[in-house]
Peer 1: 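Pasting a structure here, questions to come.
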Amino acid sequence: MSEQERTPDERLPSQRGGQGEAIRVQRGMFGVGNGGDTSGYGGLVRTVRLPGASSRPYGGWFDEVADELEGALEEQGLVPENAIEKTVVDRGEITFHIAREHLPRVARTLRDDPALRFELCTGVSGVHFEGDKGRELHAVYHLRSITHNRLIRLEVSAPDSDPHVPSIVDVYPTNDWHERETYDFFGLIFDGHPALTRIFMPADWQGHPQRKDYPLGGIPVEYKGAQIPAPDQRRSYT
Amino acid sequence: MSTPRASARDTTEGTVYTVTGGDWDEIAEAAKRADDERIIVNMGPQHPSTHGVLRLILEIDGETVTEARCGIGYLHTGIEKNLEFRNWTQGTTFVTRMDYLTSFYNETAYCMGVERLLGIEDQVPDRATIVRVMLMELNRISSHLVCIATGGMELGATTIMIYGIRDREMILDLYELITGLRLNHAYIRPGGLAQDLPPGAVDAVREFVKKMRKNLPEYDKLATGNPIFKGRLQDVGYLDLAGCMALGATGPILRAAGLPHDLRKSQPYCGYETYDFDVPTADTCDSYGRFLIRLEEMRQSLRIVEQCLDRLEPGPVMVADKKIAWPAQLALGPDGLGNSLDHIKKIMGTSMEALIHHFKLVTEGFRVPPGQVYVAVESPKGELGVHVVSDGGTRPYRVHFRDPSFTNLQSMAAMCEGGQVADVIVAVASIDPVMGGVDR
């Protein structure tokens, strides 16, 4: 699509209000942890933030979905601001950050409301933001509407100290295995799941392997006479 | 007296018999002694996916399956975790190994995710996109061929298997010619391709399309109208539209339920909106409908491959941005494929800045601005979605693959329960699960 073809709303980037969540602090120029930054900028300290909340208009059909969702939640006697913590429009995708206790209601509304009709859930993906204090564990859902040909993202978060998120298996049965996977790898407990057991790791496995505090593991290997350290021990630049 | 083929051992859950075929007398005896008719069977291996990596747990009452469950995780290799310890470019080497029968889809979806995060989707050269589409469609044919071949083999129709593997071999030869490898390629890279098509590749693909056009009707002759084949597949593995939606089943399973949902049409990527092809559907909701759809999709893929060949124009296959593009062009040297001698001469002899740039990009990689994206492509098995999260570093912060095999395999219970034991084999084959993708 060329610039001229777009409507004015779509051409304007939606306004950013407020800052995004801080997820980590970058130190130095190159992000090497073990010294060796000889650039002279080794003392740089920079906070890395995710894209922040957007304010209206979001552009394109995003506003329509947001209006419909807010309207439908109001009809059910819910204050939309309580359920939808913030809305982020970034890289042409829209993300609704949902308060975890309202997730099942929001998911059901998104599925059943004729103007929304997100029939297909593509599962849940866990993300562990160690640096996002108080909301370390994120569960990310992508919902697809075949009727309206749209895709949105829901994101809920839970602190490490209370890793509970309501299950939406009774709204989207497909999430059965997906929630088991996220539980297995991140330790997120989906309350209300019919049988929340490990799915990939053995039943007696200790820990949740895809959390950031879980080491990758590995052993050094010899290659052409040199010792190559395990992947998580190698020099890295982040 | 014959040696017992069914050895028994006692466990905490009851007596476990290991049956290796032939003699069922002991099982029948034991079943008679037991106070209920219920037998729990670990079925298989019968599908190539079930050799040690997929466990089918069936509760049977006579010949009827009353409960069916999958045990998965035996092929979990931690690819998603490993990606977080490699730079963005190295990621393709890992993702290509997830669903190893649809490796180009994994690579393309991952690279499209990285490109969207970088904001360079529009800068990927046309030639690279066309080659991606061509390889993906060839990949669709080879994946469907494996599905049909192994599905036939499980029914005892070994001719279909031989035919399928024979035709797939031609595609693997094309992969080998183009990428150097037959199964796991790491050929598609963030920003474009690892290298251009080699000389002769276009002619070889054209030759293949011609041969494949001739071979495809053989499957029709062998199977489509075959009464035994139809008898085994029709009305087996039934899953209607409501079931597909609830269970998230996509791909041929969904299209066999009558919904022409194909991401190539509904959410076109890689310029699919400019190609001329049809989305086949069936309204039978069964394994036979899925078979017919796969067959027709191969025909449509051949059409797309031909259109790709007609569109190929000489040009770059990597973004122009030197901060993202791999610094060296690969060239064939006396010791195999590696950095071209010209490039080495330049960085070692004439330009210190080029050397620094090469060193930084290769050891450190490029940085990707923080954020998250979800990119989905229509793989032969359904919606392959990739959720990529960046924290602004040189490595992915989190990559999650929504593999269609994983989601579709969930529908096994819905398809099999209440049916016959023999139909489980057909139903699982019609799902086309690849455990490399399921377990990742």
Side-chain angles (χ1 to χ4, degrees), chain A residues 20 23-24 26 30-32 46 48-51 88 90-93 95 119-129 131 138 140 142 144 146 149 151 153 155 172-178 181-182 184-185 198-202 209-210 212 214 216-218 230-232 234-238, chain B residues 70-76 78 80-82 84-87 116-117 119 121 243-250 254 259 261 263 266-267 360 363-365 367 369-374 376 383 385 387 389-395 397-402 406-407 409-411 414 438-440:
Chain A
I23 46 170
R24 70 180 172 94
Q26 166 106 39
F30 304 120
V32 261
R46 192 167 57 83
V48 179
R49 291 178 182 279
L50 290 176
V88 180
D90 180 49
R91 294 170 168 98
E93 299 178 9
T95 311
E119 310 96 338
L120 193 67
C121 178
T122 67
V124 51
S125 160
V127 189
H128 187 209
F129 286 111
H138 290 227
V140 184
H142 294 93
R144 187 180 288 288
I146 295 177
N149 199 15
L151 181 86
R153 178 186 297 124
E155 191 164 340
Y172 294 110
T174 175
N175 268 26
D176 180 354
W177 282 17
H178 290 278
E181 177 186 347
T182 308
D184 195 354
F185 287 148
R198 287 189 185 270
I199 189 165
F200 288 129
M201 307 304 285
Q210 286 187 9
K212 288 287 173 182
Y214 190 101
L216 178 69
D232 56 348
R234 287 175 206 160
R235 185 187 172 92
S236 70
Y237 311 82
T238 42
Chain B
C70 289
I72 63 170
Y74 298 100
L75 209 57
H76 175 61
E80 288 176 0
K81 176 91 174 170
N82 261 295
E84 296 165 14
F85 293 87
R86 305 295 199 291
N87 68 35
R116 188 178 295 176
L117 275 171
E121 278 178 305
C244 287
M245 280 291 141
L247 292 168
T250 45
L254 180 60
L259 187 70
H261 173 65
L263 291 173
S266 65
Q267 300 271 331
K360 271 186 70 77
T363 58
E364 190 180 317
R367 285 172 190 284
Q372 60 179 335
V373 294
Y374 177 83
E383 174 169 348
H387 178 224
V389 184
S390 171
D391 69 341
T394 55
R395 298 167 159 194
Y397 189 76
R398 162 89 169 127
V399 180
H400 174 69
F401 267 64
R402 184 261 189 207
F406 176 73
T407 316
L409 193 56
Q410 272 190 110
S411 58
V438 174
D439 291 345
R440 285 157 283 139

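What you see below is based on every heavy atom in this structure, not just the backbone, and it leaves out hydrogens, waters and symmetry mates. Order of the sequence lines sets the chain letters (A, B, ...), proteins ahead of strands, with each chain counted from 1.
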Peer 1: B/V373 versus chain A, heavy atoms under 4.5 Å apart: side chain, backbone, both or neither?
Peer 2: both
Peer 1: Name the member of B/G248, B/A246, B/G73 that forms the most heavy-atom pairs with chain A at distances under 4.5 Å.
Peer 2: B/A246
Peer 1: When only pairs under 4.5 Å are counted, which of A/N149, A/N175, A/V48 shares the most heavy-atom pairs with chain B?
Peer 2: A/N149
Peer 1: Sort out for me which of B/H76, B/E121, B/K81 touches chain A most, counting heavy-atom pairs under 4.5 Å.
Peer 2: B/K81
Peer 1: So which part of B/F401 gets closer than 4.5 Å to some heavy atom of chain A, the side chain, the backbone, both or neither?
Peer 2: neither
Peer 1: For chain A, which of B/M245, B/Q410, B/H387 has the most heavy-atom pairs under 4.5 Å?
Peer 2: B/Q410
Peer 1: Which atom names give the shortest non-hydrogen contact between B/G392 and A/R24, and what distance separates them?
Peer 2: C-NH2, 3.7 Å
Peer 1: Below 4.5 Å, heavy atoms only, C-beta onward: do B/Y374 and A/V140 meet side chain to side chain?
Peer 2: no
Peer 1: Under a 4.5 Å cutoff for heavy-atom pairs, which residue among A/V124, A/V127, A/I146, A/D232 has the most contacts with chain B?
Peer 2: A/I146
Peer 1: In terms of heavy-atom proximity below 4.5 Å to chain A, should B/T250 be classed as side chain, backbone, both, or neither?
Peer 2: side chain
Peer 1: Can you say whether B/L259 sits under 4.5 Å from chain A via the side chain, the backbone, both, or neither, judging by heavy atoms?
Peer 2: side chain
Peer 1: Measure B/E383 against the heavy atoms of chain A and call it side chain, backbone, both or neither at under 4.5 Å.
Peer 2: side chain
Peer 1: Quick check for you: among B/S390, B/P369, B/C244, B/S411, which has the greatest number of heavy-atom pairs under 4.5 Å with chain A?
Peer 2: B/P369
Peer 1: When heavy-atom pairs shorter than 4.5 Å are enumerated against chain B, which of A/G92, A/P209, A/G131 gives the highest number?
Peer 2: A/P209
Peer 1: Kindly determine whether B/R367 and A/Q26 satisfy side-chain contact (heavy atoms from CB on, under 4.5 Å), including the steps that lead there.
Peer 2: CA-CA 13 Å; B/R367 285 172 190 284; A/Q26 166 106 39; 3.8 Å; yes
Peer 1: What I'd like to find out is whether the side chain of A/S125 reaches to under 4.5 Å of the side chain of B/R402, using heavy atoms alone.
Peer 2: no
Peer 1: Just so I know, are the side chains of A/E93 and B/Q372 near enough to count as touching, which here means a heavy-atom distance under 4.5 Å?
Peer 2: no
Peer 1: Which one wins on heavy-atom pair count under 4.5 Å against chain A: B/C70, B/P370, B/A376, B/G393?
Peer 2: B/P370
Peer 1: Using a cut-off of under 4.5 Å on heavy-atom pairs, state which of B/L75, B/V389, B/L409, B/N87 scores highest against chain A.
Peer 2: B/L409
Peer 1: Checking B/N82 against chain A: side chain, backbone, both or neither under 4.5 Å from a heavy atom?
Peer 2: both
Peer 1: Just jot down the ring-ring contact (aromatic ring centres under 6.0 Å, His included) partners of B/H400, sequence neighbours excluded, or say none.
Peer 2: none
Peer 1: Is B/R116 close to chain A through its backbone or its side chain, or both, or neither, when contacts mean heavy atoms under 4.5 Å?
Peer 2: both
